[in-house]
Colleague: 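Got a structure for you, questions after.
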Number of protein chains: 2
Amino acid sequence: MTKPKPVERALAPGVSETAASQVFDELKRDLIRGRFAAGEKLAISALKAQYAVGLSPLREALNRLAAYGLLEQHNQRGFRVPPLSAEELEDIARLRVQLECMALTQAFQEGDAEWESQLLAAQHRLLRADKSPEQLEKWEQAHLQFHRTLLAPCGSHWLLRFIEQLHDQFDRYRRLAPGNPAIRARLDAQHGELVQLALERRIQDARWLLEEHIRLSWDVARGAC
Amino acid sequence: MTKPKPVERALAPGVSETAASQVFDELKRDLIRGRFAAGEKLAISALKAQYAVGLSPLREALNRLAAYGLLEQHNQRGFRVPPLSAEELEDIARLRVQLECMALTQAFQEGDAEWESQLLAAQHRLLRADKSPEQLEKWEQAHLQFHRTLLAPCGSHWLLRFIEQLHDQFDRYRRLAPGNPAIRARLDAQHGELVQLALERRIQDARWLLEEHIRLSWDVARGAC
DNA sequence: GAAGCCCATAAAATCGATTTTAATAATAAC
DNA sequence: GTTATTATTAAAATCGATTTTATGGGCTTC
């Protein structure tokens with residue numbers, strides 16, 4: 001007999017990715033990273049080549065991104081990168097303060113020892129992550145994960161979902177804006193302070209600090225508009 | 001000059017719909033209406049026939065709905081109607097209270113005379129809408145529009161977006177639950193009271209009433225799980 | 001000279017068919 | 001009798017081609 005079974009059962013037995021999901025992840029990252037200009041119209045056939053994927057999975061990914069708010073979809077005239085505006089950034093930042101402080105309060109009440117451990121771990125990974133341009137994606141991932149961990153035990157699935165969505169939107173601005181080393185240093189320090197306040201469950205101080213943290217990031221992100 | 005000659009765009013002025021957008025709207029309505037059982041796996045080929053649409057636009061609509069949270073998407077195993085649970089309903093309801101009260105406060109500050117007019121109009125349309133089973137969709141539309149109008153001037157695009165999303169989620173429960181005439185009557189009365197408080201800008205009373213309104217709806221919606 | 005019209009072109013949207021994967025039934029092994 | 005393995009079937013995902021719609025240029029008309 002021949003070998004009609006060269007088809008390895010995909011070493012990962014559980015979750016196999018689809019082309020649509022892969023290109024969704026890549027496009028999402030590239031949109032947040034600022035690979036495309038704000039307001040730019042996406043040329044679908046070009047994307048097809050760039051991401052080495054067929055038309056169907058690509059369109060499905062674009063549809064998901066539009067529903068998520070990282071693209072604008074206009075019937076019969078394709079997809080467009082949303083414009084950046086100082087007004088929208090203000091909206092996003094203010095709402096981040098409200099929602100994240102809300103989640104923080106809950107997280108402080110619900111968080112247990114395991115949470116404290118994971119928070120310390122996440123902070124350490126962030127601290128050690130290399131922020132050089134080549135490793136920037138790694139740092140961004142660690143940063144996102146830190147903020148996720150901080151609020152994770154809040155108990156509200158939908159609140160966390162909205163916060164994540166706003167975070168992605170905010171990062172479009174922040175990552176496009178020129179860096180500010182002085183502010184960046186202060187922001188980095190605040191992560192450690194947040195952990196300390198979390199361990200001590202000093203909710204009011206933590207809320208003030210988190211608000212300050214977001215407002216400082218906002219100061220940086222403003223540079224994008 | 002003074003030639004108010006709006007360029008006639010083809011035979012369909014304004015926005016021509018795509019098949020994907022149409023089936024998205026229909027599916028969204030049917031999901032909220034409870035046409036499919038919670039937890040049910042959607043048979044794509046069956047939907048294709050039911051909605052009289054091709055595979056591509058149908059899949060695009062399903063992808064959008066999954067990103068919106070009205071469907072679950074599992075790689076390589078299709079789409080599924082999210083299950084209903086008392087815990088998630090609680091999450092949704094509590095968050096509605098928080099977010100809508102937040103928006104209400106802003107709306108009371110930003111709303112002008114034009115807003116007051118539209119609010120009165122929306123309330124009257126709701127009052128007059130027929131709630132009979134045949135006309136139920138009309139009433140639901142008027143109800144949604146009333147709540148939209150109430151919060152519209154709040155100034156935060158993203159807050160309104162999240163509130164609408166939660167409202168859709170909440171309605172899945174409410175519309176599946178058996179009706180309660182006594183509570184329904186009280187809820188209907190509250191719409192008028194909210195308008196009155198809005199006209200007088202009695203923010204604190206209005207916040208209490210809106211919270212009470214959502215909690216009462218919640219009492220009804222609980223009947224779905 | 002500007003506005004309207006028509007055609008050519010490019011892009012978006014959709015269709016029909018194919019490929020890939022998961023779910024299920026049937027069979028074999030222990 | 002149970003578990004493991006293979007074959008079968010059904011469904012999801014993807015591809016390639018076609019249809020539909022928007023866009024831009026050149027022409028005509030007033």
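Values below: all heavy atoms of this structure, side chains included; hydrogens, waters and symmetry mates excluded. This is a predicted model, so every value here is computed, not measured. Letters A, B, ... are given to chains in the order of the sequence lines, protein chains preceding strands, and every chain is numbered from 1.
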Colleague: Which residues in residues 19-26 of chain A have a heavy atom closer than 4.0 Å to any atom of DNA chain D?
Modeller: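 Residues of residues 19-26 of chain A under 4.0 Å from DNA chain D: A/Ala19, A/Ala20.
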Colleague: Taking atom P of C/dA22 as reference, at what distance in whole Å does atom CG of B/Asn75 sit?
Modeller: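 Rounded to the whole Å, the gap is 10 Å.
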Colleague: What integer distance in Å separates B/Lys48:NZ from C/dT14:P?
Modeller: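 Going from B/Lys48 (NZ) to C/dT14 (P), I get 14 Å.
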Colleague: Answer yes or no: is there an ion pair linking B/Glu137 with B/Arg175, defined by an N-O contact shorter than 4.0 Å?
Modeller: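 Judged by the 4.0 Å cut-off on N to carboxylate O distance, B/Glu137 and B/Arg175 do form a salt bridge.
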Colleague: When you match A/Gln76 and A/Ser56 each to their closest nucleotide on DNA chain D, which lands nearer the 5' end?
Modeller: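 Per heavy-atom nearest nucleotide, the more 5' residue is A/Ser56.
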Colleague: Just grab all the salt bridge (Lys or Arg N to Asp or Glu O under 4.0 Å) pairs involving residues 38-59 of chain A, residues at least two apart or on different chains.
Modeller: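 The answer is A/Arg59-B/Glu60.
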Colleague: For B/Ser117, enumerate each residue passing the side-chain hydrogen bond (donor to acceptor under 3.5 Å, both in side chains) test, keeping only those at least two apart in sequence or located in another chain.
Modeller: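 Applying side-chain hydrogen bond (donor to acceptor under 3.5 Å, both in side chains) to B/Ser117 gives none.
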Colleague: Report, one pair per line, the protein and nucleotides 5-11 of chain C atoms (nitrogen or oxygen only) whose separation is under 3.5 Å.
Modeller:
| residue | atom | partner | partner atom | Å |
| --- | --- | --- | --- | --- |
| C/dA11 | O3' | A/Lys41 | NZ | 3.4 |

Colleague: Closer than 4.0 angstrom, basic N to acidic O: yes or no for A/Asp25 and A/Lys28?
Modeller: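 Result for this pair is no, no salt bridge flagged.
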Colleague: Can you check the A/Phe79 CZ to D/dA22 C1' distance for me, whole Å?
Modeller: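 Going from A/Phe79 (CZ) to D/dA22 (C1'), I get 16 Å.
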Colleague: Show every salt bridge (Lys or Arg N to Asp or Glu O under 4.0 Å) that has at least one partner inside residues 216-225 of chain A, sequence neighbours left out.
Modeller: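 Only A/Asp219-A/Arg222 qualify under salt bridge (Lys or Arg N to Asp or Glu O under 4.0 Å).
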Colleague: Atom CD of A/Gln73 to atom C1' of D/dA22: distance rounded to whole Å?
Modeller: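 Distance, rounded to whole Å: 16 Å.
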Colleague: Please report, rounded to the nearest Å, how far the P atom of C/dA12 is from the CZ atom of A/Arg80.
Modeller: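 Whole-Å distance recorded here is 10 Å.
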Colleague: With the threshold set at under 4.0 Å for non-hydrogen atoms, list the residues of residues 57-72 of chain B touching DNA chain D in residue-number order.
Modeller: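 Those residues are B/Arg59.
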Colleague: Without decimals, in angstroms, what is the distance between B/Arg77 CZ and C/dT21 C1'?
Modeller: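 It works out to 10 Å between those atoms.
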Colleague: Could you tell me which residues satisfy ring-ring contact (aromatic ring centres under 6.0 Å, His included) with A/Tyr173, sequence neighbours excluded, listed by chain and number?
Modeller: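 In terms of ring-ring contact (aromatic ring centres under 6.0 Å, His included), with neighbours along the sequence ignored, A/Tyr173 is linked to no residue.
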Colleague: Please identify each residue that fulfils side-chain hydrogen bond (donor to acceptor under 3.5 Å, both in side chains) with A/Asp30, with sequence neighbours left out.
Modeller: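 A/Asp30 satisfies side-chain hydrogen bond (donor to acceptor under 3.5 Å, both in side chains) with A/Arg33, A/Arg35, A/Tyr51 only.
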Colleague: Applying ring-ring contact (aromatic ring centres under 6.0 Å, His included), can you list everything that pairs with B/Phe170, at least two apart in sequence or on another chain?
Modeller: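 Partners of B/Phe170 by the ring-ring contact (aromatic ring centres under 6.0 Å, His included) criterion come out as none, since no residue qualifies.
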Colleague: To the nearest Å, give me how far apart CG (B/Leu47) and C1' (D/dA12) are.
Modeller: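 Atom-to-atom, B/Leu47 to D/dA12, this comes out as 13 Å.
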Colleague: By nearest atom, which of the nucleotides D/dC15, C/dA13, D/dA13 is closest to the A/Leu55 side chain?
Modeller: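 The answer is C/dA13, which lies nearest to the side chain.
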Colleague: List in chain and number order the residues that pass salt bridge (charged side-chain N to carboxylate O under 4.0 Å, His left out) with A/Glu110, two or more places apart in sequence or in another chain; answer none if no residue qualifies.
Modeller: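 Checked A/Glu110 against salt bridge (charged side-chain N to carboxylate O under 4.0 Å, His left out); zero matches.
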Colleague: Going by ring-ring contact (aromatic ring centres under 6.0 Å, His included), name the residues that satisfy it together with B/His167, two or more places apart in sequence or in a different chain.
Modeller: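 Partners of B/His167 under the ring-ring contact (aromatic ring centres under 6.0 Å, His included) test: B/His147.
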Colleague: Return the set of residues passing ring-ring contact (aromatic ring centres under 6.0 Å, His included) with B/Trp158 (not counting sequence neighbours), or none when no residue passes.
Modeller: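 Here the qualifying residues are B/Phe162.
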